[in-house]
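So the structure is just underneath, and the comments pick up after that.
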Amino acid sequence: MATRTRFAPSPTGPLHIGGLRTALFCFLHAKNNKGDFILRIEDTDQKRFVPGAEEYILESLSWCGITPDEGPSFGGSFGPYRQSERSALYTPYVEQLLMNGYAYYAFDTSDELTTWRNSMQKQGSASPKYNASTRAYLKNSLSLSAQEVEERIQRGDEYVVRFKTPVAGEVRFYDEIRGWIVFQCHELDDKVLMKSDGLPTYHLANVVDDHLMEITDVIRGEEWLPSTPLHVQLYEAFGWIMPKFAHLPLILKPDGKGKLSKRDGDRLGFPVFPIDWYNPVNSSELIAGGYKERGFEAPAVINFLALLGWNPGSNQEIFSLENLVENFSLKRVNKSGAKFDYQKACWFNSEYLKNYTRQEKRNAIIEIFPIAKNRNENELELVFNLASERIHFKHEIKDTIAYLFEKPKVLEGKGVNKAWMKEKVAHLEDCMQRIQDADTDFSAPALENIVKEYIEEKSISFGQILPSLRLSLTGTLKGPSIFDIMSFLGLPECLDRVKLAKKNYKINTI
RNA sequence: GGCCCCUUCGUCUAUCGGCUAGGACGCCAGGUUUUCAUCCUGGAAAGAGGGGUUCGAUUCCCCUAGGGGCUACCA
C-alpha cells in the first residue's frame, strides 16, 4: 500500500515553527516512500476559528516548498479536505459506535461538569475522570433509563456522544519513534466524540478522516501521545486497519523550560513563525514576525528544522529538500525534545547565502542596487562574494557595501582620528598620483602591485597608507580588500573620493 | 497530584556492549589579512545519580532525581 501521510493543522492562528516541522517530517516521510502528502484542515472548533489562518498555513508551506499532493486548493480524490465541509459525514459513524455499544449519550452540560470536577477535586481527586468509575453518577445513557434518554433527545436537550472506555484492561500501540506504549483503561477518559453542536471532536474526526483518506502513517507532535489510546480504541471499535503512529519530540524554549511559544520569540528577539502574521481584523497590525521577512532563505529554515530532531547518521549538515527526502527516516528521529537554537538557524542561513548560484548572486545584487545592472556579471558576482562573507542575511548586503555604488556621506570619526594624519594623507595623494600615472588595467592585482612598489620604495608599511585610502574611499576602516574595491570603483571615482575626503576633512594633527 | 514520554559537551547531535566518547553551532587561542569578516589550525567543554546484568557498560534492566507533554463539548 502506498504511503500516505497527512498534516492536519487547525486554523486557529499562525502556523507555529513546530507545526511547520511536523509538516516537514510528514512530507519527508511520504516522499521518502514515494507516497503522498495530504493537507487537511481541522476546523471542527468553530469558536477558535481565525480568519486568514488557513491561507497563512498554505502560504507558509508554499514558501518552504512543502507542496501537498492533496488538500484544500490542491484537489485530490479523497476530499473535501476541510473538516467543516465534511461534518455531515461523521454522523453515521457516531451512530455505528452508539449502536454497537462503543459510545453513549451524555447530557451533562459544560457548566455542570465544571462544578462536578471542582467538587471532586475538593474531595481529593486531582483530575476527575469521566469513565467507568464515575459514569454512573453523571447524566448519560448508561446511567439514565432508556425512556428518559429518549425523552431528553426528543425534547431537544443538548447532548454529546462519549466513547465508552472499557472498565479494565490495557491499550497498547507501537510508536515508530518510541516503541511500545501501554496505557491502562481505567486511567483513560470517556472522551467526547461528538459535541453538542453536532460537530465531531478532533478525536473522532481525525480517525474517521485518516481512515477514509487511507492515511498509512500518522505523524504528529508528542502532545498527541496521551490521546492515542483513544484513537487506537476507535480504530478497533470500527474494525479498521490501524495506521502507523509516530510522535515527534517537541521544540523547546532555548532557555528555561517548556515548549517554544510566541512569547519566547518576543522575549528573546527571534521569529517563531514562518512568515509575518497580521491581525485578522486589522490587517495593518503585525502581530508576529516571520522567518521569511526576517531575511531567512526558506531552504535554510527547512534545513535547520530538519536537523532539530532528526539526523542523517553522518556528519553532513547541509541538506536541500531533495537531499532530505532521500535521506529521511523516522528511525533516525530523536525521542527527546530539542531546544531551539536561533544562532544555529542564522548560521544555516549564512551557509545558504554563500552557496547561492552565480545567477542568484547577480540577481541579489541587482535587486539591492538597481544601479548595478550596468555592471558585468563577473563584477556582480564579485560584489556579492565580497559582502556575503561578512553577513548572515541578504538584506545586510546593502549596508555592508553600499559605498561601492555611492560616495560615503561621512567618514567615520574613529577612522578619521586614526588614519587621517598629515603624513598618511600625503602618502595617499602621492600614491594616487602614482596610480594615475601608471599604465594599468586597474585590476585588483595590478593595483596591489603599484601600491606595493610604492611602499617598498618609501620604506613604509601597508598600514601607513591603506587605512587612509580605505577611509577616503569607503568612509570606514573595515571591509573587503581595498584593491577589489578600487578596481570596482574605477580610477575617476577613486580620485574623486580622495579629493572629496581631502576637501571635507581637516588633517588630524595630533 | 495522576498518567505518559524523555535524559551524551552551554545547544543540536553520533555511538546499534569494547571509547583515547566523534561532529556541528557558539565560545576561547593561534595563523592568514592593511582592517572587519571569511578561511585554516588548535583548545576548553558531556554520558543525571544509585543499583543490577555482563569478562566488559554511555549503550540492556530496575530505582531515584530532573525535564517535558497530557489531564476541555481545543486541536
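Note on naming: letters A, B, ... go to the chains in the order of the sequence lines (proteins, then strands), and numbering restarts at 1 for each one. Side chains included, hydrogens not; waters and symmetry mates left out as well; all remaining heavy atoms used. Everything numeric in this text was worked out from a predicted model, so none of it was measured.
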Its contact letters, B for base, S for sugar-phosphate only and - for none at protein heavy atoms under 4.0 Å, make nucleotides 69-75 of chain B read BSB-BBB
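Using the six-membered ring where Trp is involved, A:Trp224 and A:Tyr202 have ring planes that are parallel, under 30° apart on the 30 and 60° scheme.
Comparing B:A46 with B:C39, their C1' atoms sit 29 Å apart, to the nearest whole Å. Straight-line distance between the C1' atoms of B:C3 and B:U8: roughly 28 Å, to the nearest whole Å. Across the C1' atoms, B:G49 and B:C40 are found 42 Å apart, a figure rounded to whole Å. Spacing of C1' atoms, B:U15 relative to B:U58, comes out at 8 Å, to the nearest Å. A distance of about 29 Å separates the C1' atoms of B:A45 and B:C5, rounded to the whole Å. To the nearest whole angstrom, the two P atoms, one in B:G50 and one in B:U59, are 12 Å apart. For the P atoms, the distance linking B:C4 with B:C19 amounts to 36 Å, nearest Å. Remark: the separation of the C1' atoms in B:U32 and B:C25 is 23 Å, to the nearest Å.
Residue A:Leu477 is in base contact, counting any heavy-atom pair closer than 4.0 Å across all strands shown. When heavy atoms are screened at a 4.0 angstrom cut-off, A:Arg178 is found touching the sugar-phosphate backbone but no base atom. Contacts of A:Gly309 with the nucleic acid, taken as non-hydrogen atoms under 4.0 Å apart, involve only primed sugar atoms and P, OP1 or OP2. Using a 4.0 Å heavy-atom criterion, one finds that A:Pro254 contacts no nucleic acid atom at all. Backbone-only engagement by A:Phe183 is indicated by non-hydrogen atom pairs under 4.0 Å involving sugar-phosphate atoms exclusively.
Here A:Lys139 pairs with A:Glu112 under the side chain to side chain donor-acceptor pair (under 3.5 Å) rule; sequence neighbours left out. Remark: A:Tyr352 pairs with no residue by the ring-ring contact (aromatic ring centres under 6.0 Å, His included) rule, at least two apart or across chains.
When the side-chain nitrogen and oxygen atoms of A:Arg332 are compared with OP1 and OP2 of B:C12, none of them lie within a distance under 4.0 Å.
Counting atom types as modelled, A:Arg470 pairs a side-chain N or O with a base atom of B:U34 as donor and acceptor under 3.5 Å.
A salt bridge between A:Glu317 and A:Lys344 is present, with a side-chain N of the basic residue lying under 4.0 Å from a carboxylate O of the acidic one. Between A:Arg178 and A:Glu222, at least one side-chain nitrogen of the basic residue sits less than 4.0 Å from a carboxylate oxygen of the acidic one, meeting the salt-bridge criterion. Remark: A:Lys259 does not engage A:Glu223 in a salt bridge, criterion side-chain N to carboxylate O under 4.0 Å.
Between A:Ile482 and A:Ile177, the residue anchored closer to the 5' end of RNA chain B is A:Ile177, taking for each the nucleotide with the nearest heavy atom. Along RNA chain B, the nucleotide closest to A:Pro249 and the one closest to A:Glu351 are compared, and the more 5′ of them pairs with A:Pro249.
Following rounding to the nearest Å, A:Gln123 (CD) and B:G1 (C1') show an atom-to-atom distance of 16 Å. The separation between A:Lys339 atom NZ and B:U8 atom P is 10 Å, rounded to whole Å. Between A:Lys122 atom NZ and B:G1 atom C1' there is a gap of 17 Å when expressed in whole angstrom units. Rounded to an integer number of Å, the gap from CG of A:Asn385 to C1' of B:C39 is 14 Å. The separation between A:Leu248 atom CG and B:C6 atom P is 14 Å, rounded to whole Å. Rounded to a whole Å, the CD1 atom of A:Ile181 is 10 Å from the P atom of B:C4. Atoms CD1 (A:Ile485) and P (B:U35) sit 14 Å apart, rounded to a whole Å. Here the C1' atom of nucleotide B:A14 and the CG atom of A:Asn311 are 7 Å apart, to the nearest Å.
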Dump the pairs, protein N or O against N or O of nucleotides 42-46 of chain B, anything under 3.5 Å, distances to one decimal.
none

Pairs under 3.5 angstrom, nitrogen or oxygen only, protein versus nucleotides 20-25 of chain B, please.
residue, atom, partner, partner atom, Å
B:A24, O4', A:Glu317, OE2, 2.8
B:A24, O2', A:Glu317, OE2, 2.3
B:A24, O2', A:Lys344, NZ, 3.2
B:A24, N3, A:Lys344, NZ, 3.1

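Applying the Watson-Crick and G-U wobble criteria (two distances, each under 3.5 Å), B:C19 pairs with nothing in any strand. Of the nucleotides present, none pairs with B:U53 by Watson-Crick or G-U wobble criteria with both distances under 3.5 Å. The base-pairing partner of B:C25, taking Watson-Crick or G-U wobble contacts with both distances under 3.5 Å, is B:G10.
Around CZ of A:Arg263, the count of heavy atoms belonging to other residues, nucleotides or ligands within 6.0 Å does not exceed 12. Heavy atoms from other residues, nucleotides or ligands lying under 6.0 Å from NZ of A:Lys335 number 12 at most.
Side-chain contact between A:Asp209 and A:Arg40 is present, with heavy atoms from C-beta onward closer than 4.5 Å.
With rounding to the nearest 0.5 angstrom, the CG atom of A:Leu225 is 6.0 Å from the CG atom of A:Asp175. Considering NZ of A:Lys361 and CD1 of A:Ile397, their distance stands at 10.5 Å, rounded to 0.5 Å.
Residues of residues 394-403 of chain A that place a heavy atom closer than 4.0 Å to RNA chain B do not occur.
Taking the six-membered ring where the residue is Trp, the centroids of A:Phe163 and A:Tyr130 are separated by 6.0 Å or more. Aromatic rings of A:Phe328 and A:Phe25 (six-membered ring for Trp) have centroids within the 6.0 Å cut-off, being under it.
Annotation: cation-pi geometry satisfied between A:Arg152 and A:Phe107 (NZ/CZ under 6.0 angstrom from ring centroid, within 45° of ring axis).
Heavy atoms only, all atoms of each residue included: A:Pro9 and A:Leu39 are closest at CD-CD1, 3.8 Å.
Under a 3.5 Å cut-off, the side chain of A:Thr165 and the backbone N or O of A:Leu188 do not form any donor-acceptor pair.
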